[in-house]
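First up is the structure itself, then whatever we jot down about it.
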Amino acid sequence: MTNISNSPNNEGYFGEYGGQQLPPELKAVMDDICQSYLEIRDSTSFIDELHDLQRHYVGRPSPVYYCRRLSEQLGGAKIYVKREDLNHTGAHKINHCLGEALLAKKMGKTKILAETGAGQHGVALSAACALVGIECEIHMGEIDVAKQAPNVVRMKLMGAKVIPVDRGTKSLKDAVDSAFEEYLRDPQNFFYAIGSVVGPHPFPMMVRDFQKIVGIEAREQFQEMTGALPDKLVACVGGGSNAMGLFTAFLDDDVEMIGIEPSGLGLDTPYHAATATLGSPGILHGMRCYVLQDEAGEPLPVYSIASGLDYPGVGPQHSYLKDIGRVNYQTASDQECLDAFMTLSRTEGIIPALESAHALAYAMRVAPELKGKRILVNLSGRGDKDIDFVADKLKL
Ligand SMILES: *Cc1c(COP(=O)(O)O)cnc(C)c1O
């Protein structure tokens, strides 16, 4: 495999994707964040502090686990999972939330802002802000506030201010608008914590850097366990942070990588969020990337059974990796996701997040044909948040 550039250029482009598609005053604020990030990224005190928190607070390294019963049942490839579900707060998101909170604190920012849909980003960020000691304000659509009551309580318990948004459709898109408006009141002193490898430069690079610990650990753990590298890596893709976290350490290796998007109720219906699969290059949230868009360039409504995956864009590095063919993007449906969710619960006693179950569903689909191969799936989060929904859906 030839050397694939792992960094954006100075303007934040991965090939033709990324950049800062912003008005000049915000560009200046992003440049300031980038400058501060590049300074602390290489400072030993920051590296030591982050490393210490990863170990003693998050609980890293997370294990790689061989799913023996699942693999035997499928009768083909051996399936392994990287257990990001065991992290404090239950998913990979804490990896970048900690990094962002530490950076905001070091920059002297007074408040961290974010939107949240299902509440996973909000909970991880609330924890990171409590730990670092910085004010946290989470905007959330009123419908989501009602649907995700336990996560709202968690955020409040950890000291975050939760702002219910009652405009428009009262869901994620309106929460983004509301949080962004508040941010624009004082971008010098506020920090908008983006929840994936998306948005303007430096966020796709920075969030990727905070997540790449996942692949660095997994590469070493896998070789120790098996004496070799995996044949395939599989990760679900919403904005793409857990996938970039796993993939980055393997980009120069001869290892196949597959990103799994939700085909929801079907790619021939409007009810999916298969951005890399069916989208086209466009502009969204300050970046150039693949977007599911209408003819006017407006993002289309998207859907997935896993609310962490229903984003109409995908990170610029994924967009680039798709174009050069280094990562292959495939889909899994709601039904396959539910099947994988139940199968992993019953064969291994591990309840995966519905997001992660998409990646697992793909691995389960291809494993029977791949005897002798090893597949490593990123189990990006745990399914505790999804149990009531699944029990209701499957009438358990
Ligand atoms: C948010 C979330 C995702 C999707 O986000 P990415 O940035 O694509 O990783 C995936 N899995 C879990 C468990 C999540 O909470």
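Remember, it's 1-based here, ligands and their atoms both numbered in the order they're listed. All of these numbers come straight from a predicted model, not from anything done at the bench.
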_Check against salt bridge (Lys or Arg N to Asp or Glu O under 4.0 Å), Arg60 and Glu84_ = CA-CA 9 Å; Arg60 307 206 68 88; Glu84 290 300 291; 2.7 Å; yes
*When you look at Val132 and Cys129, which way does the side chain to side chain contact (heavy atoms under 4.5 Å, CB included) test go after all the steps?*
CA-CA 5 Å; Val132 167; Cys129 290; 6.0 Å; no
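Here ring-ring contact (aromatic ring centres under 6.0 Å, His included) pairs that include residues 376-396, with residues two or more places apart or in two chains, number zero. The list of ring-ring contact (aromatic ring centres under 6.0 Å, His included) pairs with a residue in residues 214-234, not counting sequence neighbours, reads Tyr80-Phe222.
The aromatic rings of Tyr303 and Tyr271 stand perpendicular to each other, their planes meeting at an angle above 60°, with 30° marking the opposite boundary.
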Just the distances, no angles: every ligand 1 N or O to protein N or O pair closer than 3.5 Å, one line each.
from, atom 1, to, atom 2, distance (Å)
ligand 1, 7 (O), Ser196, OG, 2.6
ligand 1, 7 (O), Gly240, N, 3.3
ligand 1, 7 (O), Ser241, N, 2.8
ligand 1, 7 (O), Ser241, OG, 2.6
ligand 1, 8 (O), Gly238, N, 2.7
ligand 1, 8 (O), Gly239, N, 3.2
ligand 1, 8 (O), Gly240, N, 2.8
ligand 1, 9 (O), His92, NE2, 3.0
ligand 1, 9 (O), Ser241, N, 3.4
ligand 1, 9 (O), Ser241, OG, 3.2
ligand 1, 9 (O), Asn242, N, 2.8
ligand 1, 9 (O), Asn242, ND2, 2.8
ligand 1, 11 (N), Ser380, OG, 2.7
ligand 1, 15 (O), Lys93, NZ, 2.6

If you look only at distance, which donor and acceptor atoms sit under 3.5 Å apart when one is on a side chain in residues 343-351 and the other is two or more places apart or in another chain?
from, atom 1, to, atom 2, distance (Å)
Thr343, OG1, Asp339, O, 2.7
Ser345, OG, Phe341, O, 2.8
Thr347, OG1, Thr343, O, 2.8
Glu348, OE1, Tyr65, OH, 2.6
Glu348, OE2, Arg68, N, 3.3
Glu348, OE2, Arg69, N, 3.1
Glu348, OE2, Leu70, N, 3.0

